[in-house]
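Shown next, in structure tokens, is the structure this report addresses.
Here is the naming used below: chain letters follow the sequence lines, and residue numbers restart at 1 for every chain.
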Amino acid sequence: MNNISIIDSLNDAQRLAVSAPNRAMLILAGAGSGKTRVLVHRIGWQIQVEGLSIHNILAVTFTNKAAKEMRGRVEDLLNISAKAMWIGTFHGLAHRLLRRHAKQAKLPDTFQVMDSDDQFRVIKRLVKSLNIDDTKWPPKQVMWFINAQKDEGIRAKHMVESGDVYQRTMLQLYKAYEEICNRSGLVDFAELLLRAHELLRDNEDLLTFYQDRFKQVHVDEFQDTNTIQYAWLRLLTEGKDNLFVVGDDDQSIYGWRGAKIENIYSFQSHYPNHQVIKLEQNYRSTSNILKSANALIANNDARMGKELWTDSGDGELISLYTAFNEQDEAYFVVEKIRKWVSEGGSRQDVAILYRSNAQSRQFEEKLMTTRTPYRVYGGLRFFERMEIKNALAYLRVMSNHHDDASFERVINTPTRGIGTKTIDEIRLLAREQELSLWQAAITLISQGQMTARASNALKIFLNLIKSLGEEANDKELFEKVKLIVEKSGLVELYKKEKGEKGEARIENLEELANAARSFDFDEANEEKLNELDMFLAHAALESGDMQGDDYEDCVQLMTLHSAKGLEFKLVFLVGLEEGLFPSQQSADDVARLEEERRLCYVGITRAMEQLYITHAESRRLYGKETYPRPSRFLKEIPAEFLQEIRIRANVNRPVTASTSRPRTSVQQVGTYKMGQRVSHVKFGEGIVLQMEGEGAQERVQINFQDVGLKWLMLSYAKLQVL
DNA sequence: TCTTCCGCTTTTTTT
DNA sequence: AAGCGGAAGA
């Protein structure tokens, strides 16, 4: 391959970006303008033309999926193996640095990565253990506070205590949380980034080493970086201006989790020699779709300014459908999909995009009844499932006895007679003497002040973990997993669970052993660290692709957020109503409204050929009928690009049908009559209100004069008819 | 210890 | 509506 062919297939702007001299570059890449293409070819250019080795390249993305895709495309372009190239997510790369230099990062070699669920549990427990009212200080909010500080690079020690109760309490919790994490060797997602930043900042030799190594640093989705991520990038490229970032300010939709569009602006002042290149030619959508998107986003004030264009034709107008209610909306969409498929369209090219997950249900129901295969994105991923997290927690405690979060998770799962009281005692002792829960448990046993029963149960648990550790010691990773699954009692626990749920859980546990077997240790670990720890980190950092095993031709259902980066021939943008989209919570904040508008912009620009936008005149929300106004975004799309679809003449508005749900039949004829006055030995006099069940299961609900409503089993309660 | 009931909340999601 | 968490009952 020669120089020409690397840039041969590119348009002028793309070519300019790819072949630019080595200096700070800001590529403003609109939707569908070939952003990944530019990144991949830029890397190719660095290697082919500038003569860099793959070891000199650093490429950062936000998702594992994007990282994987980029690596694959680099390999295809250059026809080489890019295994050794540092392409990864911010978190993945930070993790790699911390493992390599754990000591300098002041972390134990065996530190563990917590996912957000782990973090939440730790914080929840912390709030409780400090006797702080968790209704006034919800753990979720505490977690949000702590993460927000870390995203800004602020440690507890940097914060000055003010008289403010809120700030004081949060700070107290932040401090205590840091202590727990340090003691247990736990690192949450935000900590990975913060710690990696501090590692480079405080170790000059390391920083110089990596600065020299990475001759070119590439960043995807730059508009989504937060403060600490950007600070980390700046450290690595300090004084060298070798930062190549690609982003789109109009697609910044993660402000709510700390992303700073401002980074795009600061980039320009931090790197005065930078060059900006706009990619505005779109290769995805028809002109009508693009013009609508342009018109919509023009209503935002905070933008750098960019207008997408295409040289493909106008295409069809955007269809707007006003539904009676959410049922009708779903009916309309599914009928259109059926038509599309019957005309030879592929279901995979169709997406239904909504603002919030709760909206998926109505579409699922309609798709189900018409037997249209579909797939919903989002939801629990493999490594986030309860049974998997439990098994992993066993592995963690085995690997590190002082991992309090995992210890607590499994100490009584499955139940082994260690109740809240015992656990509270362990926690108390641990807190008082600053021990890990494991150490506290041992101390507690040796003090011999517990009941024999509790002490025995605890001993059994500790011995289980110890003996599992010994037995697993020289075994292969997947055998360790198998051992845990078998001996922990989890399988027995889930066997008892009724229905198919338990079965599925057991299958998942088996799948976990398979995952361990196929875990590519060498790939994930150039540093030859403990295989089990690497596997656990892998589980936290890549919670597993969504059910990727489904190869059937499916209609795609997802939120607008998860649709970013994807494209579909036929797109349905549903629920365009005030309060829903834009969301109620964003209604009175200009900045948040602009983010909602960008979200809408993302939605529109997903469509390649046809776009349907729908809204409903009435919608059942939180169990109540609402009559929302059409979304303001609808008015922002010029009428010339819209065509209104006429409401069908025969409307099947489900007046009573939808509201009447099947009721469980209530046994009307029983021993007692409704309204019958009865008397109970303990509860006194009352009136029979309801009855259900038969024979030994027969129950009555009675409104007692003194104690109010009660359900009583007839076979136990001795009632006297008055 | 396990089950049931009551009341409360309700965006978006990756790592 | 529905799911979740806490509290109370079996």
Which whole-number value in Å describes the distance from A/Asp151 CG to B/dT13 P? 18 Å

Can you figure out which of B/dT13, C/dG6, B/dT11 approaches the side chain of A/Thr559 most closely? B/dT13

Stacking between B/dT15 and A/Phe90, yes or no? Criterion: centroid separation under 5.5 angstrom, plane angle under 30 degrees. no

Given B/dT15, B/dT13, C/dG6, identify the nucleotide with an atom nearest to the side chain of A/Arg381. B/dT15

Quickly work out the A/Asp115 CG to B/dT15 C1' distance and round it to whole Å. 9 Å

Students often get this wrong, so: under 4.0 angstrom with heavy atoms, is A/Ile418 touching a base, only sugar-phosphate, or nothing? sugar-phosphate

Nearest-angstrom distance from the residue atom CD of A/Gln141 to C1' of B/dT11: 16 Å

Can you find a donor-acceptor N/O pair under 3.5 angstrom joining the side chain of A/Ser116 to the base of B/dT15? yes

A/Lys140 NZ to C/dG3 C1', straight-line distance once rounded to whole Å: 12 Å

For A/Arg598, answer base if it contacts any base atom (sugar-phosphate contacts may also be present), sugar-phosphate if it contacts only those atoms, and nothing otherwise; contact means non-hydrogen atoms under 4.0 Å. nothing

Phosphate-side-chain proximity, A/Asn357 and B/dT11, N/O vs OP1/OP2 below 4.0 Å: no

Quick one: A/Ile411 CD1 to B/dT1 C1', roughly how many Å, whole number? 16 Å

Closest nucleotide among B/dT12, B/dC2, B/dT15 to the A/Ser356 side chain: B/dT12

Distance flag, aromatic centroids of A/Phe363 and A/Phe572, threshold under 6.0 Å: no

In whole angstroms, the gap separating C1' of B/dC2 from CG of A/Leu493 amounts to 12 Å

Of the candidates B/dT15, B/dT13, B/dC2, the side chain of A/Thr415 sits closest to B/dC2

How is A/Phe62 classified with respect to the nucleic acid when contacts are heavy atoms under 4.0 Å: base, sugar-phosphate, or nothing? sugar-phosphate

Would you mind telling me which of C/dA2, B/dT12, B/dT15 lies closest to the side-chain atoms of A/Phe189? B/dT15

May I ask you to verify if any side-chain N or O of A/Thr89 is less than 4.0 angstrom from the OP1 or OP2 atom of B/dT15? no

Between A/Gln223 and A/Glu221: side-chain donor-acceptor atoms closer than 3.5 Å: yes

Residue A/His91, side-chain heavy atoms: nucleotide from B/dT13, B/dT11, B/dT15 that is nearest: B/dT15

Rounded to whole Å, CG of A/Leu621 lies from P of B/dT11 at a distance of 10 Å

Side chain of A/Arg361 only, heavy atoms from C-beta on: which candidate in B/dT13, B/dT10, C/dA2 is closest? C/dA2

Would a line drawn from the ring center of A/Tyr254 to the ring center of A/His561 be shorter than 6.0 Å? yes

Ignoring hydrogens and geometry beyond distance, is a side-chain donor-acceptor pair present between A/Arg597 and A/Asn299 at under 3.5 Å? no

Earlier contact from the 5' end, DNA chain B, for A/Arg416 and A/Ser586: A/Arg416

Could you tell me whether A/Asn147 contacts a base, only the sugar-phosphate backbone, or nothing, with contacts defined as non-hydrogen atoms closer than 4.0 Å? nothing

For A/Thr63, answer base if it contacts any base atom (sugar-phosphate contacts may also be present), sugar-phosphate if it contacts only those atoms, and nothing otherwise; contact means non-hydrogen atoms under 4.0 Å. sugar-phosphate

Between C/dG6 (P) and A/Lys128 (NZ): distance, integer Å: 5 Å

Distance-only side-chain donor-acceptor flag, A/Glu387 / A/Tyr494, under 3.5 Å: no

Would you indicate, yes or no, if B/dT12 has its OP1 or OP2 atom less than 4.0 angstrom from a side-chain nitrogen or oxygen of A/Arg592? no

Between the side chains of A/Asp248 and A/Tyr601, is a donor N or O closer than 3.5 angstrom to an acceptor N or O? no

